[in-house]
*Asks:* 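Okay, handing you the structure first.
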Amino acid sequence: MSRGLFGNWRFRSTRPAFAPGEEIRAYLTGFDPATGVGTVRIGDTVLQVKGAAAGQVDQLVDLRVESFDAGRAVGEAVLRR
Amino acid sequence: MNHDIIRFRGGKAVSALPVLFFIAWAIVQSGLLGIGDTAGLIVGMLVGLVLGMLLVRGNWGAYADAVVEGMAQKVAVTAIVAWLWAGMFAATLQVGGFVNGLGWLADALGLGPALFPAVTFLLAALLATGIGTGYGTVIAFVALFFPAGVALGADPVLMFGAILSGAVFGDNLAPVSDTTIVSAVTQDSDVGGVVASRFKYAIIAATLAFIAYLAFGFASSGAMVDGDAAALFRAQSDASGLFHLLPIALVIGLAIRGRHIIEAISAGLILAIVINLVFGLAPATDMLAFRVAADSWAAATFGGWPLVEVVPAAAAGVGGSLYDGPVGFATLAVLILLVLGGAQVMIRGGGFQALQDWLLRKVAKSVRSAEVTMVSVTAGINAAITINTAAQIAIAPYIATIGKRFNLNGYRRANILDANTSALGYIFPWAGGVLVGYTQMQALVTTYDWFTPAMVVEPIQAWPWVFHGWLLVAVFLFAAWTGFGREYTTDRISKGGSSA
């Protein structure tokens, strides 16, 4: 739903932060067939994703954040389904 | 669908040949030769598609399939449907004298030459936002506001820039604008959502542009004053045209509430027709007329019936705003389908992938550089494809892929895409928006005795004065750099994006 004409008048970080346990939906932006680990890049924040498949790149996936290092803007997440 | 890879003699880059040939054709035709004819661009795309096929290795079947596959995309059909509805609506407001109503308002407020460019920008923006066609706005305002403003002593170049700026504002923000619809559909978003989210960029640029037109208006006013022109302006103006603010408000309101564009515009169209008939703003035949040839059996039998006009044989045909409005988009519709066919060849041939990989690997290394790349690539493609909707459709898949790789949500992607195509489509001297205004302006010389060729603004003179266009690009470069208005998919998923 739209938030109206005066929504989101703000400056958004290049490195958004997430909390462990947080459930998010985002595009899977990469997959390494050698390690079987997927990547979800949100701005300049990078989450390593377990349980993803190569065919899911550029698809929306549901994730649960497991850990997050706000200083380096990196974390780990698992596929929820 | 056939997903075969098409192999070209000379490698993947050759798959871009049909589109590049079309771009070169557009530059030569509209840029060098000064022919702003959309149907001519269709020939360029057709020839490019034929030439590209000659360079395919082996079977031509996959190439032909790719062309048809590209043309059959839902995005094109959705856009064309919207143009047809918007075309009927815009033309019906025009026959109802909406521009004359705006003229009355300007006169009632006692506008002088210093204020005229700034107010022209506001009113052009209002009209373009209501009817969604920047080209229509440019034509209407060059016909009515431009001579009046010049006659009152406003700077012609500043007046033309203000009109083009208003068209940019409307093309960018209007729910019924073809570019607004294309930007939403290609980026998995709803029209209401993109309009609401792009308001902030548009209003910041417009506020600064308004101030600039005021400042330059005061600095340059008083060059010449013509009493005849002022009288003419008042004679054409009529407050009753302002009744058409009601259907415009209805369409905008329904569109922002997320109603389908066919529903919203149909409702507005019916209201506009009722207003035209009830208040006598336009006879029914101004909206729909069956013009039968005099001396024919049909004229003898049906002459005098409602909606039937008897005309000389050479003028026979269907007419009225319900005809003129959508028919104007038919040529553009065919061009869009063919450009999408050419783009699909580039996708199947690997040229698209190669360019996208290069941008992602070498240029877009952070979200900030990705957004700056999206702004500049979108702006740049308009230099080549002078019809801004066509440029937007060609670049839309790149914007979608680059943006998704940084999880920018559909609204942010749509806003970057639309703002920069809307702006540059009225800035480059060979842009369609500039050329339609120039064409209309040349006609003024024969329309008014007092309008001299020296008052005509050449396309090459206009570009520095399209303040809203330049400021919109500047606002987006600022937004890309600072993160102003940025939204990720984790902040909000655009409506229409959940199944992507």
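Reminder, nothing fancy here: chain letters follow the sequence lines and each chain counts from 1.
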*Asks:* In this structure, are over 12 heavy atoms from other groups packed under 6.0 Å from B:R361 atom CZ?
*Replies:* yes
*Asks:* Tell me, for A:S13 versus chain B, whether the close heavy atoms (under 4.5 Å) come from the side chain, the backbone, both or neither.
*Replies:* backbone
*Asks:* Kindly give the heavy-atom pair with the smallest separation between A:V57 and B:R405, and that separation in Å.
*Replies:* CG1-NH2, 4.3 Å
*Asks:* Hey, could you give me the CD1/CG distance between B:I493 and A:L60, rounded to the nearest 0.5 Å?
*Replies:* 5.0 Å
*Asks:* Tell me, yes or no, whether the heavy-atom count around B:W481 atom CH2, taken from other residues, nucleotides or ligands under 6.0 Å, exceeds 12.
*Replies:* no
*Asks:* Counting only heavy atoms closer than 4.5 Å, note whether B:F478 contacts chain A via side chain, backbone, both or neither.
*Replies:* side chain
*Asks:* What's the shortest heavy-atom distance between A:G43 and B:V367, and which atoms?
*Replies:* CA-CB, 3.6 Å
*Asks:* Pick from A:D44, A:I24, A:L63: which one has the most heavy-atom pairs with chain B under 4.5 Å?
*Replies:* A:D44
*Asks:* Considering only heavy atoms, which portion of B:I204 lies under 4.5 Å from any heavy atom of chain A: side chain, backbone, both, or neither?
*Replies:* side chain
*Asks:* Nearest 0.5 Å, what's the OG1-OH distance between B:T401 and A:Y27?
*Replies:* 10.0 Å
*Asks:* Assess whether side-chain contact (heavy atoms from CB on, under 4.5 Å) is satisfied between B:R486 and A:N8, documenting all intermediate values.
*Replies:* CA-CA 8 Å; B:R486 184 184 292 141; A:N8 200 36; over 6 Å; no
*Asks:* Looking only at heavy atoms, which two atoms of B:D491 and A:R12 are closest? And how far apart?
*Replies:* OD1-NH2, 2.8 Å
*Asks:* Hey, could you give me the CG/CZ distance between B:L408 and A:R41, rounded to the nearest 0.5 Å?
*Replies:* 10.5 Å
*Asks:* Do the side chains of A:F6 and B:I203 get nearer than 4.5 Å, heavy atoms only?
*Replies:* no
*Asks:* Need one label for B:Y488: side chain, backbone, both or neither, based on atoms under 4.5 Å from any heavy atom in chain A.
*Replies:* side chain
